[in-house]
Structures are given as structure tokens and as C-alpha cells.
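Written below as C-alpha cells is the structure these notes are about.
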Amino acid sequence: ILSALTGSALFFAAQRSIRALKTVKAEHAPPQLYTWRWKCSSAVTPRITSHYTICPRDKDPRWEGVEMERFADEADVVIVGGGPAGLSAAIRLKQLANEQEKELRVCLVEKASQIGAHTLSGACLEPSALNELFPDWKERGLMAPTHDLVTPSLPMNNHGNYIVRLGHFVRWLGEQAEALGVEIYPGYAAAEVLFHEDGSVKGIATNDVGIAKDGSPKDVFERGMELHAKVTLFGEGCHGHLAKQLYRQFNLRENCEPQTYAIGLKEVWLIDEKKWRPGRVEHSVGWPLNRNTYGGSFLYHLNEGEPLVALGVVVGLDYTNPYLSPFREFQRWKHHPFIAKTLEGGNRIAYGARALNEGGYQCLPKVTFPGGMLIGCSPGFMNVPKIKGTHTAMKSGMLAAEAIFPKVTAKDLASETAGLHVPEYEDNLKKSWIWKELYSVRNIRPSFHNYFGLYGGMVYTGVFYWILRGKEPWTLKHAGLDSAQLKPAKECTAIEYPKPDGKLSFDLLSSVALSGTNHEGDQPPHLTLKDDSVPVANNLAIYDGPEQRFCPAGVYEYVPLETGEGMRLQINAQNCVHCKTCDIKDPSQNINWVVPEGSGGPAYNGM
């Protein structure tokens, strides 16, 4: 049995066993006291950030003598992220390898404790890519079709689509991938991009574990593992922290607009069976958001044998009022009579949130570079007016696999760089239905940036999408970075939200509890600040601390200083649901989201 295990599998299994032994040993070790204080905090600014990406370990005497060598292993292809794109790429690669009887080692790392645990979407799945990947998927038993179209005025024809819980769907994809021979390593977050001497991507390193909250090494400290590959695919999802590094390293966003985003908040309810309409799809725009705030909602009746509905609100992160709280807008929305009549008498059983790419065609970066590629929601292939991105994410992963396969299996690896550059992937994307689909709807989202807001955008969509089908000879621009859109608090009116009633609407912390979110408490906060003084001096002083409101998990709060004079920012990193909204919307662009220890985060069950 051991001879059949790969080096990575042995390493990961051994690492888990060693970590357990070291944890037992540490329980009996005397506590260590550290007196070192970083120069990156001052006497007047309380220290918040202790992560090594901000406070380097080579300048800290507590790290002297600590073994920093990492175990390394090699694969043909390494994939970061176990979502629809990453798993589709892995499956397609192994399908091609098996068809042509070629050896191909594909390794996939996922930061969640299990495949699907960090996955959240509506989700109404358009099956086009699934049909291509597994023509026989219906025989494998998956989903029930939707059958009620409620929004004929928008490009959301859902007949023939399938209501799914995306976490369950990607778990099923993971099972198919493993059956084909893909090596999947959940619970190991890709924390670092590795480079060859010529600058091409070499692979990734998983995160270190056993670091205390103050940034010092624990007795159980272990270095992460390096995974090297001929090509590395980055499918981290929306606003991936490794993708941000790659954008800068290879100037991938040189010829596109800045990405624009939204935050989606979702709940799952068990409702009265008399109100249940399996397969019913409902969408809305407008209330409770004003005409100048882009957003909408969904309510899907699942067809899983019990009366479940999935519902949520999506709010564009280019909103201007710092007093707006997406979470509280969501809670208020549920009191609309049309929604309330469905939920009354029911029980809320799940909650979560995530960011979405909304820039579309105008914001697509260059997706290939020496040694790697971007796939799925990482570059942003979501069709915004459809509120669908799973099918395009899957197709992008499949196209990447088909472009990679002949190169990585060739006897003569003809490449100008150590890491393979496969520009054919981008060429194939531009010839695919993904490109045509995104181009046809490219002007719908930016058309809402007008004096009439929502109403002007809907008129534009009615005329130019339904009549011209996106063939107008111009391309509208977005407003710019979402972080630059907030107005100073003094120019805005505070929003008075109703108190939650505990029946339809709820408070934030009880909601986060339903997400199953958990992190190791004694680790450096993964919500890092480039400068600990900025939140109070800028965000609180000018914008009245908007991170308190745009975070859907109560991570950020301003509390009085112990002296009683002034305020300080407190980061409750253990609450983080990994939505990345703070990294996107922070008006100072001072927050940098990085991965926590592997397996930390939400524990979604079919979100």
C-alpha cells in the first residue's frame, strides 16, 4: 500500500500525524513568554498585525535557529482551488490522459477542510459546460430541473437550468476527479507563489502552521510543503490572494479596467411544505436598495425531498454611502410581503456570504503567463445579468486543460522559460462561447452608472440587449475601483435599520454561527494591515469606519482604547467567512487578506 502512495500523500499524512503528536506534547509544555515587540507598531498605535507578510521573520530574534527548510514534491500540473473551475480542469486533464493512455500527475490543493466547505452560490446552474464534461451526468443522479420563470423582463431565462447547492455539486465533482486519479489535498491552503530563476512560475507552497497570534513560532511549528509543476492553474475564486500577486508580477491587468465586485449574502430555510414550489425561481431588483445602488435578490425553491429554499441579496460594492450595511439590507429585504409570506413559520438553517466578480468583459485580465494560468472566478468569467458563473468557470478550466495537455505530455518540452507558457489557452477562450456570452452582456452592468441609476440601466438593457442582443458598436466603462467610490460620511445620511425580530431577520453574530466558521484562535490574524494606524486615522475619521458595516461576519469593530481616550480597531479574525469584501472595499486599500492555517474558515454544508 505504501509503495502506491505518492510523495505528497505520504507527506500530508505524516504531517497530520506529527502535528497530532506535537499537539499532545505541547499540552504539557510550560508557557513561553515573548517580550519582543515589532517596530512596525508605534507607541501611540496599538499593534494589530503580526503576520509575517507584514512583519518579516528574518528581523525577529524569536525565529533565530528555527528550521525553515520545506519538503518539495513535483507534479505535471498543480491546481490551486477545489471549486468548479479547478475540479473541471483536473477532470478534463485526466480524461485526456486516460483516453490517450498517458501518465499525468495532477495535484489539487484546497484550503477548506473538505471539498465544498468554502463554496457558496445561489445557485441556478446552466448545464452547458457540465454536458460537455460529463455527457452522462444525468445517469449519475444529480439535480432536478427548474420549472417556473418569474422574471421575463431580464436576461434570466432559467428553463432547462438546475437549482443546486453548489457545495454539494463540487463535492460530487471532487468524487469524479478522484475516481479518475486526481490527487486532492483538502485542508492545505496555497500561501505562496514560487518562481524559477527566470521569473516563470515554479509552483506553490502551502501555508506554515504552528505560529502564535503574536507572530512567534510555537513548539508545533511546521513549514508548509512546496509543490512544483510544469504548469500551475490558479482557480482560487473571486479576488484570490495569489492572483493579486500574479497581476502585479506579470502586469496582467495592463490592458483591462479594474475589476468591480458585489457581495452576495445567502441563507437556507426550511419552510412550510404548503408554501414549497420545487423548482421555482424568483429574482428581483430594487428595494430595499435605492436607485443608485446596484443589486438584486433571488429565492430558489430546492427540489431535494424536503421543503427547502435558498434566498439571498447581492449588493454591488461600488456603492457610495459608507453607512450602508449589505447584511442589514438583506435582513430588511426579507420583510417585504412577497418574501415574508414564503418564510413565515419557517426556520433558518444556514447563512454565508462571498464576493462576486461583476466587471465582465471589460475587466478580464491576461490569463496566461510563464508557468501558469488563471481560471474560473479568479479572473472573473461571471455573466452578471444572468447571475451565473459556474458554467463559464467550468468551461474555462476545461479549455485550460485542453491547451495544457499536449504541451505537458510532449516528449520534447519546447519552452523558452522553465515554467511552461501556454498562450493557446487565452486564444481558445476568445474563440469559445464564454467570450461571446460575456461580450453580448458587457454593457448591462455599467449602464447603471447614470443619473437615473437602476431605472436608466433597465431601459438600456431592454433596448440594447433584448433588441440588439449586445451588438451595439460601443463598450461602456465601469466607475473604477470599488474602494474609491465611498463618499465621506459627512456627505451622506446615516441609514436607520430596523431591529431584527428573531423570526424573519436576525443579528449578525447568530448568523455567523450558522456558517460553522472556525479558525485556530492562536494564530496571527489573516486580515493583515499594511499600516496599523490607518483604520482610525483615515477610515474612522473620514468614513465612520465602514468596515464595521461592509463585513458580513462581524470581523471588524472599533472599540475604546483602554485609556478611555480615543478608539482602536479590533479584528475578530475567527469570524471571517473568507468573502474578501474587506480587501476589495476598504477605502484606504490597507487591508490585505491572506490565507489562515489550512482548514480554517466556514464549514458550509451545501451552500
Side-chain angles (χ1 to χ4, degrees), residues 82-84 87 112-131 133-151 156-179 264-283 297-313 334 338-352 354 387-388 390-391 394 503-504 506 511 513-516 602-607:
L87 288 166
S113 59
Q114 56 183 309
I115 296 296
H118 286 181
T119 301
L120 182 148
S121 183
C124 191
L125 175 67
E126 189 170 311
S128 48
L130 179 61
N131 289 333
L133 188 63
F134 288 114
D136 63 341
W137 66 266
K138 291 182 180 179
E139 284 73 51
R140 301 174 186 232
L142 265 179
M143 299 158 282
T146 66
H147 60 65
D148 198 351
L149 177 62
V150 183
T151 52
M156 291 181 183
N157 190 334
N158 283 297
H159 291 289
N161 295 335
Y162 296 81
I163 299 174
V164 301
R165 291 207 265 174
L166 197 62
H168 290 166
F169 177 61
V170 298
R171 187 167 66 195
W172 178 84
L173 285 177
E175 292 168 357
Q176 311 309 305
E178 286 189 313
L265 304 102
K266 176 185 176 181
E267 293 176 353
V268 176
W269 282 62
L270 184 66
I271 63 169
D272 184 340
E273 191 166 0
K274 296 178 181 177
K275 303 175 182 179
W276 183 40
R277 303 291 181 268
R280 183 179 178 88
V281 173
E282 302 171 10
H283 289 111
S297 70
F298 63 89
L299 196 158
Y300 303 152
H301 292 245
L302 279 68
N303 191 359
E304 296 184 358
E306 57 181 336
L308 294 172
V309 295
L311 60 148
V313 163
K334 289 183 290 180
F338 191 78
I339 306 302
K341 69 181 182 182
T342 299
L343 302 181
E344 286 171 350
N347 292 305
R348 186 178 66 149
I349 60 174
Y351 166 81
R354 59 160 287 193
I387 327 178
K388 291 178 180 62
T390 302
H391 66 303
M394 291 178 67
K503 297 178 181 178
L504 296 179
F506 303 89
S511 299
L514 289 176
S515 70
Y604 296 140
N605 180 16
M607 287 290 278

Considering all heavy atoms of both residues, which atom of [X] and which atom of [Y] are nearest to each other, and what is their separation?
X      : Y      : answer
Ser297 : Val313 : CB-CG2, 4.1 Å
Gly82  : Ile115 : O-CG2, 3.9 Å
Met394 : Ala129 : CB-CB, 3.8 Å
Ala350 : Met607 : CB-SD, 3.7 Å
Ile349 : Leu514 : O-CD2, 4.1 Å
Pro84  : Leu166 : CG-CD2, 4.3 Å

Report task. I would like to know whether Arg165 and Glu304 meet side chain to side chain contact (heavy atoms under 4.5 Å, CB included); could you show each step before the answer? Result -> CA-CA 10 Å; Arg165 291 207 265 174; Glu304 296 184 358; 2.9 Å; yes

Query raised in the report: Okay, side chain of Lys275, backbone of Pro307: is any donor-acceptor separation there less than 3.5 Å?
Result: no

**Report entry** Val268, Val164, Ile163 screened by side-chain contact (heavy atoms from CB on, under 4.5 Å) with Leu302, the one that passes
**Finding:** Ile163

State the [atom1]-[atom2] distance between [X] and [Y], to the nearest 0.5 angstrom.
X      : Y      : atom1 : atom2 : value
Leu308 : Asn347 : CG    : CG    : 11.0 Å
Leu87  : Glu175 : CG    : CD    : 11.0 Å
Asn161 : Thr390 : CG    : OG1   : 11.0 Å
Ser515 : Glu267 : OG    : CD    : 11.5 Å
Lys341 : Ile271 : NZ    : CD1   : 11.5 Å
Leu311 : Phe298 : CG    : CZ    : 7.0 Å

Query raised in the report: Is the NZ atom of Lys503 crowded by more than 12 outside heavy atoms at less than 6.0 Å?
Result: no

Considering only heavy atoms from C-beta outward, does the side chain of [X] approach that of [Y] to under 4.5 Å?
X      : Y      : answer
Glu306 : Trp276 : no
His118 : Pro602 : yes
Ser121 : Phe169 : no

**Report entry** side chain to side chain contact (heavy atoms under 4.5 Å, CB included) assessment of Asn605 paired with Gln114
**Finding:** CA-CA 10 Å; Asn605 180 16; Gln114 56 183 309; over 6 Å; no

Query raised in the report: Between Arg348 and Ser511, is any side-chain donor less than 3.5 angstrom from a side-chain acceptor?
Result: yes

Query raised in the report: Centroid-to-centroid, Tyr604 to His168, below 6.0 Å?
Result: no

Query raised in the report: Is there a side chain to side chain contact (heavy atoms under 4.5 Å, CB included) between Val309 and Leu343 once you walk through the steps?
Result: CA-CA 9 Å; Val309 295; Leu343 302 181; 4.2 Å; yes

Query raised in the report: Which class fits the ring pair Phe506 and Trp269: parallel under 30°, tilted 30 to 60°, perpendicular over 60°?
Result: tilted

Requested in this report: May I have the step-by-step check of side chain to side chain contact (heavy atoms under 4.5 Å, CB included) for His301 and Glu282, ending in yes or no?
Outcome: CA-CA 9 Å; His301 292 245; Glu282 302 171 10; 3.9 Å; yes

